[in-house]
S.K.: 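The structure under discussion is supplied below as structure tokens; questions concerning it will follow.
Quick caveat: nothing in here was measured; it's all calculated off a predicted structure. Side chains are part of it too, since the values below use all heavy atoms of this structure and drop only hydrogens, waters and symmetry mates.
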Amino acid sequence: MKIRRALGLFLALSLLLSVLPIPARANSPSQAESLLADMSPAEKVGQLFLITFNGSNISEGSLLWELISTYHIGGFVLRADHDNFSGTDTLVSAYNLIAAMQSAAWDKTQPSPDTNLGGDLPAYVPLFIGIEQNGGSSNQILSGLSDQPNPMTLGATWSPSLAEQAGQVLGSELSALGFNLFLGPTLDVAETINMDTAAYSGADIYGADPYWVGEIGRAYIAGLHAGSGKRLSVIARHFPGLGSADRPPDLEVATVRKSLEQLKQIELAPFFAVTSAEDSSAQADGVMVSHIRFQGFQGNIRATTRPISFDATALAQLLAVEPLASWRAAGGLTVSHSLGSKAVRSFFDPTGQSFDANTIAGTAFIAGNDLLYLNDFSNASDATPYATILQTLDYFSGKYEEDPAFAQRVDEAVLRILNAKLRLYGEFSLEKVIPARAGLDQIGSSSEFAFNIAREAVTLISPSQDYLNSLLPSPPDTYEYMVIFSDQRARKQCSTCPPVYELSANMFQNTLMKLYGQAGSNQLLQNRLSSYSFSQLTELLDRKTELSDPYLPDNLKRATWVIFNIQDLDAELPESSALQRILSERLDLIRDKKIIVFAYDAPYYLDATEISKLSAYYALYNTSQSSVDVAARVLMQEIQPSGALPISLPAVGYDLIFETSPDPNQVIPITLVTPREMPTPEAGTAAAEATPMPLFAVGETVRIQAGVIATTTNTLCRTAQLCSSPSAWRAIRRLSVSLRR
């Protein structure tokens, strides 16, 4: 009986278990792990590299085709200086190139008549196709996309919502072309105590306040993800921050005297913001590790790190700081800065005689970089960078086979890369990777938003608005003469392409005539305006006997208004200092005239004495057509400047810390955020009519929230509506307070 009863219970239990769902095994491999297991050592090694290449030939047997099909390179970056873009139909040709590259990655995984029977096909993994397109000097596509504000333009608006809009437009357009990797935004915090240091970053940074750099960066990243439908991996630069670098970081490795604790307060703060956002769409997918070294990093002022990108101990310490540690544990990528830069070459061999590619790439990888960015990466002994790259791939593959610890590090990095790519597509198929060609029709049609951002960013630097109103009560008159000087610069989409001019000599005049000439409001006459480049002004300052325009002296002499459109100072372009020269050498040429200066880069390049000689000094920060449109309207007093400098500017006594510091005379409201649960009084009683008094126990922690904190001055609130709009600047703090007896 007992045996029969036990057997019945066993059968009943078996029947019950058969209808219950079987839980997944805890150790079942993920999709990325399954892919990794199917990959050969060569395939894994190829995923580690993000490389540049010359030209756009991807026909079968070409070098690019070989890199994808034979050597399994997992990522590429397209650049104008490598002739990856065409000067005609730039967007269409970029789309076709990217589609062909992704197709090559797919084709190598498909069986064909030439496939050997029994041979293993490679695993299909889409390529990373990256670009630097941050709206400033790093732009690679020079025309065709919608006008894009550069970082300092966004910083001057003090509006995260506008930054998010800018990110949405760019994310949508880059994704439509097929890009899935964005090298940006730059999260450096400007160091403006030394103007020479600040000038190295120019207008390619958001500003000098670490909190706001983080807020604008986080909003911009959210926009990039939203605009691309989350098909764009965003890599924030330049971890842990180059704002204090005292020399151009691409030319030489800078040494900064800061401890880890000091870095947490300034440089690292924006990276904390973009790796801890509650909304995952506002989080960066990776950080680009810069070539910068620190003295006193661990508190010992005598100790100096190697460049962080090559220092395993220092990089590990940085990534161990929260919230970076949690972000890294969740799959955050690390990408090296270019390993072929002059700074890297000089660090490993100050004589410049040798370039040990294997040591450089291997050291960067062991230091903790998942993706290795190889740009201009070539040994002097190799005929081409292609040969150096193949040698480095062989070195990594051989080390993978020989060194178990190295192989484990490769597997860990590749798993991160595969997971990052899977987050873009969910699953890998060519149909998901290549966007529909119809999306090209929408690119370049969103320039209105750029005008709105430029209008919110334009900043009156000097004098005050009240004084300017008395100095220039009215705009240029119809019959007044005006001379316009512009710092015209040429860039090329490719080495054989015609030049594309930034801030061309006639750009400002053409904009004025479009808006206020005969085709516009008819306030200005064409024959009263004359335009010249800074090169032509330099001819006059050099007292050349034969000027390219002999009428320049006479036009300048009779002009009532003289407009200067300036960019940054460039030692390789002597004409870029033409404004400084005329103010110091030939002030007689412009004395008693109304002198207006519009800065289309960071406004660092005039000192207090030079600014004192101007009637008005404005910052536009960006050379786009939208910025020139706004500048023209400011000149004609149709637009009042509403931006605020996002950096300190000692030349005019503008201190950002003072401008954003709390007003000591205000009363800050405090409210309880999470009150302890209290009994509800009975309706109709006196207790019900009064505000309930919360009861707390000694030692209990409660949370309170501060209200709006006004700044010491009302400058920011007045110029950018930062204290009244939905995107208002609010220093809201959530505080935890422990009760004491």
Side-chain angles (χ1 to χ4, degrees), residues 143 147 149 153 447-448 450-461 465 468-469 471-489 500-537 549 551-552 554-567 578-579 582 589-590 593-601 603 614-643:
S143 60
D147 272 359
T153 305
S447 293
E448 182 180 351
F451 174 82
N452 294 334
I453 290 174
R455 181 177 57 194
E456 294 298 318
V458 60
T459 305
L460 174 61
I461 298 175
Q465 186 66 59
L468 184 62
N469 290 339
L471 181 66
L472 302 176
S474 59
D477 185 76
T478 304
Y479 297 101
E480 289 182 311
Y481 285 91
M482 184 188 307
V483 170
I484 302 163
F485 294 108
S486 298
D487 186 4
Q488 171 181 285
R489 301 188 187 181
V500 176
Y501 290 102
E502 290 182 338
L503 213 61
S504 65
N506 293 316
M507 190 175 185
F508 194 84
Q509 178 174 330
N510 292 342
T511 302
L512 282 175
M513 295 310 300
K514 179 185 69 175
L515 297 172
Y516 305 104
Q518 189 174 4
S521 60
N522 208 25
Q523 292 174 254
L524 299 175
L525 296 176
Q526 179 77 41
N527 61 7
R528 293 295 196 270
L529 275 61
S530 303
S531 294
Y532 302 95
S533 68
F534 269 27
S535 295
Q536 291 174 296
L537 175 56
D549 186 336
Y551 299 105
L552 170 56
D554 290 338
N555 287 336
L556 187 57
K557 184 176 182 179
R558 65 183 178 180
T560 303
W561 296 79
V562 182
I563 313 299
F564 292 93
N565 297 308
I566 67 172
Q567 299 194 56
L579 173 58
I582 196 171
L589 294 174
I590 53 177
K593 301 181 186 297
K594 298 170 182 177
I595 306 170
I596 312 297
V597 174
F598 293 107
Y600 297 87
D601 201 278
L614 310 178
S615 303
Y617 182 29
Y618 299 93
L620 279 301
Y621 311 101
N622 194 3
T623 59
S624 68
Q625 180 63 58
S626 299
S627 295
V628 175
D629 285 348
V630 168
R633 295 174 191 272
V634 167
L635 176 67
M636 299 303 292
Q637 299 183 7
E638 180 183 339
I639 287 178
Q640 293 295 314
S642 59

S.K.: Do Leu529 and Met513 make a side-chain contact, defined as non-hydrogen atoms from C-beta onward lying under 4.5 Å apart?
M.R.: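 Of all side-chain heavy-atom pairs linking Met513 with Leu529, at least one is under 4.5 Å.
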S.K.: If we only count heavy atoms from C-beta on, is the Pro476 to Thr560 side-chain gap below 4.5 Å?
M.R.: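 Sidechains of Thr560 and Pro476: no contact.
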S.K.: Specify whether Phe564 and Phe485 have parallel, tilted or perpendicular ring planes, treating 30° as the upper limit for parallel and 60° as the lower limit for perpendicular.
M.R.: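 Rings of Phe564 and Phe485: parallel, as their planes differ by under 30°.
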S.K.: For a 4.5 angstrom cut-off between non-hydrogen side-chain atoms, does Ile596 reach Val634?
M.R.: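 No; the side chains remain at least 4.5 Å from each other.
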S.K.: Do you see a donor-acceptor pair shorter than 3.5 Å between the side chains of Asn452 and Glu456?
M.R.: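 Result is no, nothing qualifies.
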S.K.: Donor-acceptor check, side chain of Lys593 to backbone of Ala559, threshold 3.5 angstrom: yes or no?
M.R.: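 Indeed, once roles are kept as given, a pair shorter than 3.5 Å links the two residues.
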S.K.: If we only count heavy atoms from C-beta on, is the Leu512 to Met482 side-chain gap below 4.5 Å?
M.R.: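 Sidechains of Met482 and Leu512: in contact.
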S.K.: Got Asp147 and Phe451 here, is their nearest side-chain heavy-atom distance under 4.5 Å?
M.R.: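 The answer is no, as the side chains (C-beta and beyond) never meet within the 4.5 Å cut-off.
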S.K.: Under the side chain to side chain contact (heavy atoms under 4.5 Å, CB included) rule, what do Met507 and Glu502 come out as? Steps first, then yes or no, please.
M.R.: CA-CA 9 Å; Met507 190 175 185; Glu502 290 182 338; over 6 Å; no
S.K.: Treating Ser627 as the side-chain partner and Asn622 as the backbone partner, does any N or O pair qualify as donor plus acceptor under 3.5 Å?
M.R.: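 Side chain of Ser627 to backbone of Asn622, a donor-acceptor pair under 3.5 Å: yes, one is there.
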S.K.: Are the side chains of Leu556 and Tyr532 in contact, using a 4.5 Å heavy-atom criterion?
M.R.: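 No. Closest side-chain heavy atoms not under 4.5 Å.
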S.K.: Would you please name every residue forming a ring-ring contact (aromatic ring centres under 6.0 Å, His included) with Tyr618, sequence neighbours left out?
M.R.: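 Only Phe598 meet the ring-ring contact (aromatic ring centres under 6.0 Å, His included) criterion with Tyr618.
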S.K.: Residues in side-chain hydrogen bond (donor to acceptor under 3.5 Å, both in side chains) with Gln567, at least two apart?
M.R.: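 Result, side-chain hydrogen bond (donor to acceptor under 3.5 Å, both in side chains) vs Gln567: none returned.
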S.K.: Taking C-beta and beyond as the side chain, do Asn522 and Thr478 meet within less than 4.5 Å on heavy atoms?
M.R.: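 In short, these two side chains do not touch, never coming nearer than 4.5 Å.
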S.K.: Please, which pairs that meet salt bridge (Lys or Arg N to Asp or Glu O under 4.0 Å) have at least one residue in residues 623-637, sequence neighbours excluded?
M.R.: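 Only Lys514-Asp629, Arg633-Glu638 qualify under salt bridge (Lys or Arg N to Asp or Glu O under 4.0 Å).
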S.K.: Hey, does the side chain of Arg528 reach the backbone of Tyr479 with a donor-acceptor pair shorter than 3.5 angstrom?
M.R.: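 A pair under 3.5 Å: yes.
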S.K.: Would you check if there is a donor-acceptor pair between the side chains of Gln488 and Ser486 at a distance under 3.5 Å?
M.R.: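 Side-chain D/A pair, Ser486 to Gln488: absent.
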S.K.: How long is the gap from CG on Leu579 to CD1 on Ile595, to the nearest 0.5 Å?
M.R.: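 Between Leu579 CG and Ile595 CD1, I get 9.0 Å after rounding to 0.5 Å.
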S.K.: In the structure I gave you, are the side-chain heavy atoms of Tyr621 and Pro603 within less than 4.5 Å of one another anywhere?
M.R.: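 Yes, their side chains come closer than 4.5 Å.
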S.K.: With a sphere of 6.0 Å drawn around CD of Gln637, does it hold more than 12 non-hydrogen atoms of other residues, nucleotides or ligands?
M.R.: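 Yes, CD of Gln637 has more than 12 neighbouring heavy atoms, counting only those of other groups under 6.0 Å.
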